[in-house]
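Notes to accompany the following structure.
Just so we're clear, the structure is a prediction, and the values are computed from it rather than from any experiment. Here, residue 1 is the first one in the sequence, and each next residue gets the next number.
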Amino acid sequence: MNTLKRMAAQIILSTGLLAAATSLHADVWDTATHGYAENDGVRIHYASVGEGPLMVMIHGFPDFWYSWRHQMEGLQDQYQVVAIDQRGYNLSGQPAGDENYDMRLLTSDVAAVIREFGQDSAIIVGHDWGGMVAWNFAFAYPQMVDRLVVMNLPHPHGMIRELSINEEQRANSGYARAFQGGSPSDPNIFFGGPMMPQTLAGWVQDPTARQRYIEAFAQSDFDAMLAYYKRNFPPLPPLAETAPPLSPDVPQLNVPLLVMHGLDDTALHSDGLNNTWDWNDASTTIVAVPDAGHFVQQDAADTVTDTLRWWLGAQ
């Protein structure tokens, strides 16, 4: 009888340890609900967790919805967090032709996702190209933006200024010029190497996540990825000593705004953040994150999640 009790206790203990281990390693990959929004014949895939006010998260290059896994996990108790695959990536539609990646269409994809959830507006969060889409979504659809969060992508005024007067930023943007003039088949197109799922996922540190990235990129369209640059990245202006006048095509914002920037970013200089507060009439919060690179939402996952929770709660 004692032997049976010990065996039962061991089984219960082993089961408990297994459940704990599974809980430790489970993430939104296993728990998210997936769906699609339709936008003029292009399906936009999304992953959703949680309940509450709608938050739409937009990834950059090279990335997919899973980039936001830490923030989705950390915010799902208060928000319905919806992370999309931008068109061309992973499970979203991949229409042929650079014209199908015009910024007007990228922003309308976000509007389609918000409407898919039966809402008129949402908290918008973007990183890198997702940040550029987030800025432009706020310009084009201000009535659909409750609050705006942009990570490692300066305001368009700041981008153009730094491309004009900052020689370091001009040099750092050389990769974008290569993307604009190149093809995915060029052997050195991706920072001196080939453009393959494995090289695109090379920046991902976690081995489990990296394999998921490789699989996502294997079913993505590399021509579409470069089309973002060919269609939307600003042409390199002449080097100048003074900043150019502000573009009249960029509207003044009036939305609670949080800008976060990993200071070790080697592509986008933090000087681009200067004067962001002048281009928004509502409250503007800028958080610089030392020892984090371009992918700040992963390099400093807890800091980003905690800052989002604090800032959103304070608005």
Side-chain angles (χ1 to χ4, degrees), residues 19-39 43-60 63-87 89-93 109-131 133-134 137 144-151 204-206 208-213 215-217 219-220 258 260 295-315:
T22 302
S23 176
L24 285 172
H25 292 285
D27 65 9
V28 293
W29 186 266
D30 305 302
T31 60
T33 299
H34 297 263
Y36 292 87
E38 189 84 15
N39 184 24
R43 295 209 309 166
I44 302 302
H45 169 256
Y46 60 79
S48 174
V49 297
E51 295 181 354
L54 181 63
M55 180 186 303
V56 177
M57 309 190 97
I58 316 165
H59 69 80
D63 218 333
F64 75 120
W65 74 264
Y66 195 56
S67 185
W68 301 106
R69 59 194 178 277
H70 303 296
Q71 289 71 46
M72 295 171 77
E73 184 72 29
L75 296 170
Q76 64 182 330
D77 62 325
Q78 293 187 11
Y79 302 91
Q80 181 168 21
V81 189
V82 176
I84 72 171
D85 285 328
Q86 292 215 72
R87 59 171 62 198
Y89 285 86
N90 192 34
L91 299 176
S92 282
D109 288 343
V110 178
V113 171
I114 294 173
R115 295 184 183 118
E116 176 69 15
F117 283 85
Q119 300 297 318
D120 296 323
S121 62
I123 302 161
I124 304 297
V125 182
H127 167 257
D128 183 72
W129 269 110
V133 172
F137 184 80
M144 297 186 77
V145 182
D146 293 331
R147 282 158 283 181
L148 179 64
V149 182
V150 180
M151 302 183 194
V204 183
Q205 298 299 313
D206 178 78
T208 300
R210 186 185 300 119
Q211 185 56 42
R212 290 170 178 169
Y213 269 85
E215 293 168 1
F217 292 149
Q219 55 192 4
S220 299
L258 170 64
M260 301 189 71
F295 294 89
V296 65
Q297 73 273 33
Q298 296 191 38
D299 292 349
D302 290 344
T303 297
V304 169
T305 302
D306 291 345
T307 301
L308 281 170
R309 180 180 287 275
W310 159 76
W311 182 80
L312 290 168
Q315 299 304 308

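Side-chain atoms of Arg147 never come within 3.5 Å of backbone atoms of Leu258 as a donor-acceptor pair (strictly under, hydrogens ignored).
Side-chain contact check for Val149 versus Leu308: some heavy-atom pair is nearer than 4.5 Å. No side-chain heavy atom of Ile114 sits under 4.5 Å from any side-chain heavy atom of Asp120. Counting only heavy atoms from C-beta outward, the side chains of Met55 and Val125 approach each other to under 4.5 Å. By the 4.5 Å heavy-atom criterion applied to side chains, Thr208 and Trp29 are not counted as neighbours. Counting heavy atoms from C-beta outward, His127 and Phe295 have side chains that approach closer than 4.5 Å. Contact annotation: the side chain of Arg87 approaches that of Asn39 to within less than 4.5 Å [non-hydrogen atoms, C-beta and beyond]. Between Gln211 and Glu215, some side-chain heavy-atom pair lies under the 4.5 Å cut-off. Residues Val82 and Met57 are not in side-chain contact: their nearest non-hydrogen atoms beyond the backbone lie 4.5 Å or more apart.
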(request) For the pair Tyr46 and Thr33, evaluate side-chain contact (heavy atoms from CB on, under 4.5 Å) and give the outcome as yes or no after the intermediate values. (result) CA-CA 8 Å; Tyr46 60 79; Thr33 299; 5.9 Å; no
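Once rounded to the nearest 0.5 Å, the distance linking CG of Asn90 with CZ of Arg212 reads 12.5 Å. The structure places CG of Asp109 at 13.0 Å from CZ of Arg43, a figure rounded to the nearest 0.5 Å. With rounding to the nearest 0.5 angstrom, the CG atom of Asp299 is 7.5 Å from the CD atom of Gln205. Once rounded to the nearest 0.5 Å, the distance linking OG1 of Thr307 with CE of Met260 reads 4.0 Å. Distance OH/Tyr36 to CG/Leu91: 4.5 Å, rounded to 0.5 Å. Between the CD1 atom in Ile44 and the CG atom in Asp85 there is a gap of 8.5 Å [rounded to 0.5 Å].
For Ser67 against Gln298, the heavy-atom pair with the smallest separation is OG-NE2, 3.3 Å. Residues Val204 and Arg210 come closest through the heavy atom pair O-NH2, 2.7 Å. Pairing each heavy atom of Thr305 with each of Leu75, the nearest pair is O-CD2, 4.2 Å. Heavy atoms only, all atoms of each residue included: Ser121 and Asp146 are closest at OG-OD1, 2.8 Å. Nearest heavy-atom pair across Gln297 and Gln71 is O-NE2, 3.0 Å. For the residue pair Ala122 and Val56, the shortest heavy atom distance occurs at CB-CG2, 4.1 Å.
Contact check on Asp206 versus Arg69 returns no salt bridge, with no Lys/Arg side-chain nitrogen under 4.0 Å from an Asp/Glu carboxylate oxygen.
For the ring pair (Phe, Tyr, Trp, His ring centres under 6.0 Å) with His59, the qualifying choice from Trp129, Trp65, Phe64, Tyr89 is Tyr89, the only one to do so.
Within 6.0 Å of the CD atom in Glu51, the count of heavy atoms belonging to other residues, nucleotides or ligands does not exceed 12.
Side-chain contact, Gln80 with Ser48: a donor N or O sits under 3.5 Å from an acceptor N or O.
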